[in-house]
Structure formats: structure tokens, C-alpha cells
Protein chains: 2
Amino acid sequence: MSVTIKEVAREAGVSVATVSRVLNGSCNVSEDSAARVNDAIKKLNYSPNYLGRNLRKRETNVILCIMPSSEHSLYSKIVGGMQRYASKIGYDVITAVSDGVSTVEARQMNMLYNRTVDGVVLLGTLFDAQSLNRLAENYDIALCCEGVTGANVLTVAVDDEGAAIDAVKALVKKGHSDIAFIGTKSEAISSTARENGYKMALEECGIPYREELVYKDSYEYACGFDAMNYFNSLEKRPTAIFAVSDLLAIAAIHRAYELGIEVGKDISIMGFDNITMCEMMLPTVSTVEQPCEKMGELVIAKLIENIHSTEKDNKYYTVDHRVILRQSTGD
Amino acid sequence: MSVTIKEVAREAGVSVATVSRVLNGSCNVSEDSAARVNDAIKKLNYSPNYLGRNLRKRETNVILCIMPSSEHSLYSKIVGGMQRYASKIGYDVITAVSDGVSTVEARQMNMLYNRTVDGVVLLGTLFDAQSLNRLAENYDIALCCEGVTGANVLTVAVDDEGAAIDAVKALVKKGHSDIAFIGTKSEAISSTARENGYKMALEECGIPYREELVYKDSYEYACGFDAMNYFNSLEKRPTAIFAVSDLLAIAAIHRAYELGIEVGKDISIMGFDNITMCEMMLPTVSTVEQPCEKMGELVIAKLIENIHSTEKDNKYYTVDHRVILRQSTGD
DNA sequence: TTGTACGCGTTATCAT
DNA sequence: ATGATAACGCGTACAA
């Protein structure tokens, strides 16, 4: 079986307390004892059992990040940012994938209830505002990337409305006025706020809103296909499209080529997120960048502050976005 | 603070032993007691502390998966398969990203040593055979997706050599004989075995091997660009390319278009992995599929068998690959 | 500086 | 069927 602190103590000829002191860097231990303990540790190849340690310390230094999909570049980048920052301050970030199923997400939250982790970051949760508020009373949780209206929970995300405004204005600036929108029917802020931004940008630019230029379904890749089919069937077709996600934009681009429409020339298409694929696609895809690394850092920093504090910070932190113009808008 | 089994026992008017029995589904408990315990659990919103439980049971039912990159679709899919299967049998899979840095990978292995997890799956490890063999003596580990020559460790991967042979033969069957190869200088099996397969396929088909048609650098996306630049500079250019990864193939495709070469017509390009992007690209990308879901399942199943057994299975399990022809080879 | 002893929350053994 | 109690491995207050 696994070697324990007790055996190290016996080997070193000291008490377990002394071994523990060496382990935790206490200064109240003689050089001689410390040396003997370290020798024993090396000789027995000892590694402290964190179950015992964590049980005693009532903390694990582990944060769980629950994400809806294991395959979304946006989430991967954010998690990367979380992990790199967390490791600097002695924390580990582990991940679980809910596949966008609320029951799975709820089950994964058990790791929080049963004290396997100290806190949870939710990337695009399915919990409603009420559930989140109740959860936040007893546990340390945070939302990242996707806020929930009515939830008074620590949140880190871009200013979705402002970002959409900037994106659409960039299209207007390039001479477009027949600008279509691909959104979703979901009530997620990333969808509704970006739709609002789309409308506001049009209004600010004096461009009349035309309902037939709005196509809404879901975040599924295939919906981008359907959207492009629909726009192509219109009498007065759009000359530009703003999609709420890069995946939808890429699907639309793909379908456009199948329909013989040259993207970047016949039509301009802009996505949202700046996933890695944007630079690999032909044509490269214009988009709104979310600062993933920074979002990951910030949410971990604030969450850990909450863990160590009695008064919980439940603010909605907004991080900077950036419009990136590439070939799909003729740049 | 968090409510414990003790308080539940007091509330239900029974001993902690009885509460524990109810919790763990023992049949030796009266209906009456069980009901009172369950009421108390609900009333107090009790959730057992797994640190205590795991410490006592000497197991965590958690598997750690260490991956080199958080953004590779192949890994994401495999992890998805691992998680879905694991959850069926009462296990959780958590992930950590090493970023391909051996020191980071080594540090993450601590979760194994300190008993935070029961076992580890390494996706493309940087440990050498000797280290792996030593590790496997004391802990339950497994390799997935990428084997290590000389390591007698449980491994699940495709038959890289055979898969490469099939891929190249598919190109030959389409009439190609000037077939180039994009590989890497790494000693990873996924690279060396696929290069062997490339050579063997040529030989079997009676096509002479031409060293100038082999370009090797790294798995980095940009290397696909360089490869295409190189092939384009040759006097006798290849009519087909087999790349050891989809990312390299996609980069080559991208560069080909920039050079005015139409992929699928002027040149055929085939990748390896069947990452999600293959179907989104323009043109869609021919490739060799790795059965990710199945690999994830198998490696978890075998690893957990090892965890519960004294005689360790250290076999090299090979799973079926499949050549998929799409537009990039003119299909 | 060092050691003894208790408690973290749970499961399992042993009586009853 | 039930309860008292001893582990599990560790950190630390307290005494020495």
C-alpha cells in the first residue's frame, strides 16, 4: 500500500508532527531533523495523501469548470487561461463536460456539494437565475462567457450588446446597408444582447430594420446552412451578414460557396468569438474577438477571492472585445 | 459550515452508522429509520463529504486525463468518449492540460501520487519509456492515442502503420503515383509509424520512393504552409499529399489556394484524425478517422479493470481506423 | 524544537 | 436492525 507520514516519521526517527512541519515549510524545525525527514521522504518515495490533508484543511485548492461542449475552441481557450493563471497561485482547474444537458450539469455540481472542489465556474450554464442565486448563497460559483439575466452571481463576459454594435457598424462602414442577422431562439444573453446590438447599430446608422433579414434558430452548425439558404431565397438579398457565432458564420460561408456566392466579394460575413478556425478557413473569417485568456484569469482570480472572503462579490465584470476584419468581409 | 453526517444522525434520532447505511444502500436498515434519515437529509440539505468518504474507502472514483493541448478536436472527442463511458460506471473523468511541457505534465501527475485520483490517462505523453515503466509499477496509468515504443504500459491507439498504408493506397487507387508526405521530426509513433506506412504502401504498389517528396518538421499548423511552399518549388511536383495530421493537411490546403492550386483537382490532399473541421473546410478534407468515442471507452474500461486488479494488463490495444474520402481528394 | 493527542467526515467492524 | 467506536492520513493546538 501507499506510504504514509507515519512511516516517514519512523524512518526519520521523529514524530509525525515534525514531518508535517517539514512538509508545510514551518520554520520551527531543526536543520538536522529537516534533513533526516527529507532523506526519509526521498528514500520511501513518500507523497502526502491529499484526501487526508484536504479533509483536515477543509479545502482542496481545486476549481471545477463545467462546460457545455468539449469541442468548442472558445471554451478551450478560456479554460487554458483559467488553468495557467490558477497554477500560478497554487490552484488546479479541472473540467467536466455537460454536453448541454441540464441533468448532467446538475450531477456534475455534486463535486461542489461533496467538497471535492472549492468552487465552480460555469461556461454557459443551463441553470436559471433563481437556481443560481440559491446556489450562490451556499457555495462559491461564477459564470464566465455567458451571463444569466436576473442572476446575482459573479460573472465575467464581454459586453455582448456593445460588441454586436461594433461589429455591425464595421459592416456599415464598409458600405453595407442590407445587413442580415443570424441568431438563435435561445434566451441566452449571448444571443439576445447581440441581437439588440444589431438593432441598435442599424438604428444609430439610420438603416431601417427589416424583419426578413433576421434568421434565428439554434447554435448548431447546420443552422448556418439553413440561414444562408433562406437569405439566398429572398428577393432583395443581404450584402452582409452578422452571425452570433463563428460556427454559424462558417456554416453560412460554406453554404454560400456551394450556392456559387463568393464570400468577401459578393457578400460579407462576420462571426463572433474568434475561434482558432477563423484563421484556417478559406476565406479567413472576420469576427469579434473575446479575450479568452483574460476572461479565464479574471474569473479565477475573483472566484478565489470569494472563496477566501465572507462577503461575496457578485458583480458582472465586462472585458474588452475587438473587431477583427479578415477575408470574409473583403479585407 | 457544511452539514455533516453527525447532524443528520441527531436530526433523525439515529446513529451515524445508520445514516451511513442508508447513504450506501445497505439492506440492513428498517423502513422507518430509512425514512427518518431521508427526511433529515432533505431537511438539512445534506450532501456527504467525499474527502472523508474517499479517505476511508481509499479510492476516489476519479480518473485524470492529461492532454498536451486544450484545443485539439481529436483530444476533445476522446475525452468526451471517456467521460460518457466513465459516468455510466460511476466514475468521473477530469482533465488537465500540459501544453506539451514535460515539467507541467510531471507536476500534474501529482494528483496521482497524492491520491486525488485513482488513475491517469496520458494523451500523447512526453514521458519516456523508462519513466513510464517505473510509474506503471506503482500506479495505474494508460496511454491513449499515442503509444511509446518500449513502454510496457496499457495503451489504446489505432494501427498507425496500417492506417497510413490504407490512406496512401487510397491515393494510389485514384491514379496518383507522385505522392508526397508531410510528417514530423518527432519520434512519436503517430509520426514514425505513419511514415513507415507511407513507404510500405509505395513499395507494395511498386512506386519508387523519392526522398524529395518527404517534408518533415513539426505538428505546428504553420509547417503545413512550409510544406506546400516546398512542394510547389519542386520541378516535378506531387499530385497528391498525405499528411500525418488534419491540421497539417488543412494548412497545406490553405497555402495551395494562395498559390493558385485548386485542391481536389490540381492536387489531392489527405489528412489524419478526422477532426471536426474536416467537414467544415472548403473543400472538405479527406482523412483517416480515429474512432475517438471507442478509444475513450476502451481505455477507461481497461484502466479501471487494472485499478481493481492485482495483475496489471499492459497490452497495446489497436482500434479500427477508417479512410474517409471527401472533396480534397476530388471526391 | 519536539512530541502527544485530537479532530476533520466518513465507512466498517464488532458487539448487542 | 442498530449503536459505539476504531480506523483512514493529515495538520495543529497544546504541553513539554
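Each chain gets a letter, A, B and so on, in the order its sequence line appears, and its residues count up from 1.
Between B/Ser30 and D/dT2, a side-chain N or O to OP1/OP2 separation shorter than 4.0 Å is present. In this structure, B/Ser33 does not reach the D/dA1 phosphate: none of its side-chain N or O atoms is under 4.0 Å from OP1 or OP2.
In this structure, B/Asn54 places its CG atom 14 Å from C1' of C/dC8, rounding to the nearest Å. The CD-P distance, from A/Glu59 to C/dC8, rounds to 16 Å in whole Å. Atom C1' of nucleotide D/dC8 and atom CZ of B/Arg115 are separated by 13 Å, given to the nearest angstrom. Between B/Asn114 atom CG and D/dC10 atom C1' the separation is 13 Å, expressed in whole Å. If you take CG of A/Asn28 and C1' of D/dA13, they are 13 Å apart, rounded to a whole angstrom.
Side-chain contact between A/Met109 and A/Ile141 is present, with at least one heavy-atom pair separated by less than 4.5 Å. Counting only heavy atoms from C-beta outward, the side chains of A/Ile66 and A/Val97 never approach each other to under 4.5 Å. A heavy-atom distance below 4.5 Å is not found between the side chains of B/His72 and B/Leu123.
Using a 3.5 Å distance cut-off with no hydrogens or angles, the side chains of B/Glu105 and B/Thr125 do pair a donor with an acceptor. No hydrogens or angles considered: a donor-acceptor pair under 3.5 Å links the side chains of B/Ser30 and B/Ser33. If you check the side chains of B/Ser131 and B/Asp128, you find a donor sitting under 3.5 Å from an acceptor. There is no side-chain donor-acceptor pair under 3.5 Å between A/Thr60 and A/Asn54.
A salt bridge is absent between B/Lys43 and B/Asp39: the closest approach of a Lys/Arg side-chain nitrogen to an acidic carboxylate oxygen does not fall below 4.0 angstrom. One finds no salt bridge joining A/Lys77 and A/Glu293 here, because no Lys/Arg side-chain nitrogen approaches an Asp/Glu carboxylate oxygen to under 4.0 Å.
End-to-end axis angle for the helix from C/dT1-D/dA16 to C/dT16-D/dA1, using five pairs per end and rounding to 10°, comes out at 40°.
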Please list, for nucleotides 10-14 of chain C, all pairs of protein and nucleotide N/O atoms separated by less than 3.5 Å.
residue: C/dT10; atom: OP1; partner: B/Tyr46; partner atom: OH; Å: 2.4
residue: C/dT10; atom: OP1; partner: B/Asn49; partner atom: N; Å: 2.8
residue: C/dT10; atom: OP2; partner: B/Ile5; partner atom: N; Å: 2.5
residue: C/dT11; atom: OP1; partner: B/Asn24; partner atom: OD1; Å: 3.4
residue: C/dT11; atom: OP1; partner: B/Asn24; partner atom: ND2; Å: 3.2
residue: C/dT11; atom: OP1; partner: B/Arg53; partner atom: NE; Å: 2.8
residue: C/dT11; atom: OP1; partner: B/Arg53; partner atom: NH2; Å: 2.8
residue: C/dT11; atom: OP2; partner: B/Ser20; partner atom: OG; Å: 2.8
residue: C/dT11; atom: O2; partner: B/Arg56; partner atom: NH1; Å: 2.6
residue: C/dA12; atom: O4'; partner: B/Arg56; partner atom: NH2; Å: 3.3

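Counting any heavy atom pair closer than 4.0 Å across all strands shown, B/Leu55 reaches a base atom.
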